[in-house]
Q: 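Here it is, the structure in full.
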Amino acid sequence: MKKEFRVKKNKEFQEAFKKGKSFANRQFVIYALKKTGQEHFRIGLSVSKKIGNAVVRNQIKRYVRQAFHELDASIHNEYDYVIIARKPVADMGFHEIKNSLSHVLKVGKVLRGPGHHRDRQKPE
């Protein structure tokens with residue numbers, strides 16, 4: 001995932017927490033903040049030290065980035081997403097993480113169904 005597609009600054013994280021909509025399942029909490037005019041979605045990741053050591057946390061972050069990369073065509077562009085991993089993620093493989101992320105994105109209605117095109121906007 002390219003660096004310009006990541007949320008990096010603390011201020012941007014805080015803005016997503018305060019103004020964004022949140023939705024969750026057992027493995028993830030996702031905050032989605034609409035950014036009108038943004039050409040590509042951005043993601044910010046938060047994996048607590050409680051989840052595991054640095055190796056485990058970095059692996060989780062790689063899996064989440066890869067899952068977003070694979071779901072790229074179905075994710076709405078005009079959003080910043082902040083993903084917070086919860087404890088059960090530490091014991092999950094890539095496909096389980098991808099399925100869990102898909103589920104929580106569908107719950108939040110920010111994942112387009114099959115047959116949608118990249119340039120189509122989400123109905124408000």
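All values reported here derive from a predicted model rather than from experimental measurement.
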Q: Val82 and Val29: same hydrophobic cluster, using ILVMFWY side-chain contacts below 4.5 Å?
A: yes
Q: Distance check, rounded to the nearest 0.5 Å: Arg42 atom CZ versus Glu4 atom CD?
A: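 Arg42 atom CZ to Glu4 atom CD measures 10.5 Å (nearest 0.5 Å).
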Q: Distance check, rounded to the nearest 0.5 Å: Lys50 atom NZ versus Lys87 atom NZ?
A: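 Answer for the NZ-NZ pair, Lys50 versus Lys87, is 8.0 Å.
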Q: Of Lys61, Gln66, Arg65, Gln59, which is the lone residue that meets side-chain hydrogen bond (donor to acceptor under 3.5 Å, both in side chains) with Tyr63?
A: Gln59
Q: Is it true that Ile30 and Val110 fall in one hydrophobic cluster, defined by side-chain heavy atoms closer than 4.5 Å?
A: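 Yes, Ile30 connects to Val110 through the hydrophobic network.
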Q: Mind listing the closest non-hydrogen atom pair of Gly52 and Arg57 along with its distance?
A: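 Between these two residues, the closest heavy atoms are O-NH1, 2.7 Å.
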Q: Do you know the tightest heavy-atom contact between Phe13 and Gly44?
A: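 Looking at all heavy atoms of both residues, the shortest contact is CZ-CA, 3.8 Å.
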Q: To the nearest 0.5 Å, what is the distance between CG (Leu45) and CZ (Arg6)?
A: 8.0 Å
Q: For the residue pair Arg26 and Arg86, what are the closest heavy atoms and their distance?
A: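 Scanning both residues completely, I find the closest heavy atoms to be O-CD, 3.3 Å.
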Q: Quick check: are there more than 12 heavy atoms from other residues, nucleotides or ligands sitting under 6.0 Å from NZ of Lys106?
A: no
Q: Given the rule that I, L, V, M, F, W and Y join up when any side-chain heavy atoms are under 4.5 Å apart, are Ile43 and Val89 in one cluster?
A: yes
Q: Please enumerate all residues that pass side-chain hydrogen bond (donor to acceptor under 3.5 Å, both in side chains) together with Glu96, with sequence neighbours excluded.
A: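 Partners of Glu96 under the side-chain hydrogen bond (donor to acceptor under 3.5 Å, both in side chains) test: none.
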Q: Applying side-chain hydrogen bond (donor to acceptor under 3.5 Å, both in side chains), name anything that partners Glu15, two or more places apart in sequence or on another chain.
A: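 Expected list: none.
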Q: Between Val47 and Ile83, is there shared hydrophobic-cluster membership here, with clusters defined by ILVMFWY side-chain heavy atoms closer than 4.5 Å?
A: yes
Q: Could you state whether Ile97 and Ile84 fall into the same hydrophobic cluster, counting links through intermediate Ile, Leu, Val, Met, Phe, Trp or Tyr residues with side-chain heavy atoms under 4.5 angstrom apart?
A: no
Q: What distance do Leu105 atom CG and Ile75 atom CD1 have between them, rounded to the nearest 0.5 Å?
A: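 The CG atom of Leu105 sits 5.5 Å away from the CD1 atom of Ile75.
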Q: I need the Phe94 CZ to Ile60 CD1 distance, nearest 0.5 Å.
A: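 It comes to 13.5 Å.
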Q: How many angstroms lie between NZ in Lys49 and CD1 in Ile51, if you round to the nearest 0.5 Å?
A: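 Result: 13.0 Å between the selected atoms.
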Q: Parallel, tilted or perpendicular for Tyr31 and Phe17, by the 30°/60° rule?
A: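 Ring orientation of Tyr31 relative to Phe17: perpendicular.
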Q: Quick one: closest heavy-atom pair of Phe23 and Val104, and the distance?
A: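 Between these two residues, the closest heavy atoms are CD1-O, 3.3 Å.
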Q: Verify, without hydrogens or angle tests, whether Glu78 (side chain) and Gly37 (backbone) share a donor-acceptor contact under 3.5 angstrom.
A: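 Checking the backbone N and O of Gly37 against the side chain of Glu78, a donor-acceptor pair under 3.5 Å is found.
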Q: Testing the basics here: between Phe28 and Ala85, what is the closest heavy-atom pair and its distance to 0.1 Å?
A: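 That would be CD2-CA, 4.0 Å.
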Q: What residues form a side-chain hydrogen bond (donor to acceptor under 3.5 Å, both in side chains) with Asn53, not counting sequence neighbours?
A: none
Q: Can you confirm whether or not the ring centre of Phe5 sits under 6.0 Å from the ring centre of Phe68?
A: no
Q: Tell me which one of Lys34, Lys19, Gln38 satisfies side-chain hydrogen bond (donor to acceptor under 3.5 Å, both in side chains) with Asp80.
A: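 Exactly one candidate clears the test, Gln38.
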